[in-house]
Amino acid sequence: MAELGAAVIGLGMMGERHGRIWAELPQTRLVAVYDIIPEKAQEMAAEYGCLAASSLEAAIDAAGVNIVSVCTDDQAHLEPCTVAAEAGKHVLVEKPLATDVADCDAIIAAAESNGVRLMVGHVVRFDPRYQVAKAAIDEGRVGDIVQIYGRRNNVLASGRRIGPRTSVAYFLGVHDLDIMRWYIGCEAVRVYAESCRKVLTEEGADDSIFTLLKYENDAVGCLETCWVVPEGQPNTLDARLEVVGTKGRVAVRAGDSEPLEVSGTERSWRPDIAYGPIYTGQQGGALKYQLEHFARCIIDDKEFLISAQDAKAAVVLARAIHQSLESGAPVKVSQ
Ligand SMILES: NC(=O)c1ccc[n+]([C@@H]2O[C@H](COP(=O)([O-])OP(=O)(O)OC[C@H]3O[C@@H](n4cnc5c(N)ncnc54)[C@H](O)[C@@H]3O)[C@@H](O)[C@H]2O)c1
């Protein structure tokens, strides 16, 4: 018997995946779904035999719901998170926690004051490659970190789809801003960013942002984020994380190093097998590990791998990136 009943709010690419995983995990079941586009809820309800709620409140208050996945657009996390917390439901919200630091504080306060658990879906923390790299750093194989480099580039379809609604720093950058901070174990004190806008002009979005970071322990960081890579690239994602320290180096490559390649007559592509692949008829990969971790930590009353304050720290850094872009100067950061 499933121990936790889930509602999913926002039924786009990620909401569909959350819903499927809640329906497939043995310890959870999908109870209700809601989207501002009612047809999306009706389609998912027909597929999973759950409630197509006609409002946010109807989904959250549906009988048997104890956990709520918030998978709305980056800038639309505040309301569903606070309504769920005030209704006494544990919240798993997709990254970024919000695109406004005040919204982050309001969501965290709502969870704390209502005694519910809050986790933010920083899925890269659940990617085995990034976890094993973290273990190598913690074992002392790198020594004192000198420099840390991150890259998260996506093909143009991603920039066209999401660009009008958020920025590449909030959509992609927060992943590595979090991982870099997790690895280095201290805060960034200064951020300087430069951007370029040549492709996503109609979307009103930056194509690419390069960011330099200076950390409390004197280490330097560099983060590359882009979502206009030509579609001809065989992998949707091209991500790197490289850490150099006084004793060693740890490097992670994702996307272009995937061992699976499918070729047609005109092009080859590398399907995602790390984050959300479907095999044995079920959704697998890091996203499943993440949702399973959230459910298990609630059932067993254990700490999450990522705290809400960690997720807020990534948003503070993304905000500093935009402040630097606006001012054209380095920005001091205080968490
Ligand atoms: N962890 C990851 O790897 C990953 C990948 C992609 C997206 N995301 C995050 O997931 C979230 C959703 O992204 P997506 O790609 O699924 O977007 P999407 O555009 O595919 O879906 C968003 C859905 O939310 C609905 N929606 C918007 N406002 C709403 C509201 N107030 N109430 C109810 N529904 C509402 C929209 O109608 C849409 O169906 C974003 O925060 C994004 O950054 C995470």
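Everything numeric here is computed off the predicted structure, so don't read it as measured data. Counting begins at 1 with the first residue of the sequence. Note that ligands are numbered from 1 as they come in the structure, with each ligand's atoms numbered from 1 the same way.
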Contact with ligand 1 for [X], non-hydrogen, under 4.0 angstrom:
X	answer
Tyr34	yes
Arg161	yes
His77	yes

Q) Any N or O on Ala76 sitting closer than 3.5 Å to an N or O of ligand 1? A)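 By distance alone, the answer is no.
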Q: Answer yes or no: does an N/O atom from Ile9 fall short of 3.5 Å to an N/O atom of ligand 1?
A: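 N/O-N/O distance below 3.5 Å does not exist for this pair.
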Q. In ligand 1, which numbered atoms sit nearer than 4.0 Å to a non-hydrogen atom of Leu11?
A.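 So the atoms of ligand 1 that pass are 23 (C), 39 (O).
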**Q.** Contact atoms of ligand 1, heavy-atom distance to Gly12 under 4.0 Å
**A.**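 Listed by number with element: 16 (O), 18 (P), 20 (O), 21 (O), 23 (C), 39 (O).
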Which one holds for [X] and ligand 1: side chain close, backbone close, both close, or neither close, with close meaning a heavy atom under 4.0 Å?
X	answer
Met13	both
Lys40	side chain
Tyr275	neither
Ile37	side chain

Q) Does a side chain donor of either Glu224 or Asn153 reach within less than 3.5 Å of an acceptor in the other side chain? A)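 Yes, side-chain donor-acceptor contact under 3.5 Å.
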Q: Establish, from distance only, whether the side-chain atoms of Glu94 and His18 form a donor-acceptor pair under 3.5 Å.
A: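 Glu94 vs His18: donor-acceptor pair found between side chains.
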Hey, are the side chains of [X] and [Y] touching, using non-hydrogen atoms and a 4.5 Å cut-off?
X	Y	result
Trp227	Arg160	no
Ile299	Gln27	yes
His175	Val123	yes
Arg125	Asp310	yes
Pro80	Thr72	yes

Q) Is Arg240 close enough and on-axis enough to Tyr149, meaning under 6.0 Å and within 45°, for cation-pi? A)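 The answer is no; the distance or angle limit is not met.
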Tell me, which protein residue and heavy-atom name are nearest [atom], and how many Å apart are they?
atom	result
atom 1 (N) of ligand 1	Glu94 OE1, 3.1 Å
atom 3 (O) of ligand 1	Val123 CG1, 3.5 Å
atom 38 (C) of ligand 1	Asp35 OD2, 3.5 Å
atom 22 (C) of ligand 1	Asp73 OD1, 3.3 Å
atom 24 (O) of ligand 1	Gly10 CA, 3.5 Å
atom 12 (C) of ligand 1	Cys71 O, 3.3 Å
atom 28 (N) of ligand 1	Ile36 CD1, 3.7 Å
atom 9 (C) of ligand 1	Lys95 O, 3.5 Å

Q. Relative to each other, are the rings of Phe294 and Phe304 parallel, tilted or perpendicular (30° and 60° limits)?
A.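 Correct class here is parallel.
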If you measure from the Lys or Arg side-chain nitrogens to the Asp or Glu carboxylate oxygens, is any gap between [X] and [Y] under 4.0 Å?
X	Y	answer
Arg129	Glu258	yes
Arg270	Asp256	no
Asp207	Lys198	no

Q) Among Asn154, Asp206, Leu200, which residue meets the side chain to side chain contact (heavy atoms under 4.5 Å, CB included) test with Val228? A)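 It is Leu200; the other options fail the test.
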Q: Out of Thr72, Asp74, Val70, indicate the one that has the non-hydrogen atom closest to atom 43 (O) of ligand 1.
A: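 The residue whose heavy atom sits nearest atom 43 (O) of ligand 1 is Asp74.
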Q | Of the listed options Glu16, Met14, Arg165, His18, closest to atom 7 (C) of ligand 1 (non-hydrogen atoms) | A |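 Looking at heavy atoms only, Met14 sits closest to atom 7 (C) of ligand 1.
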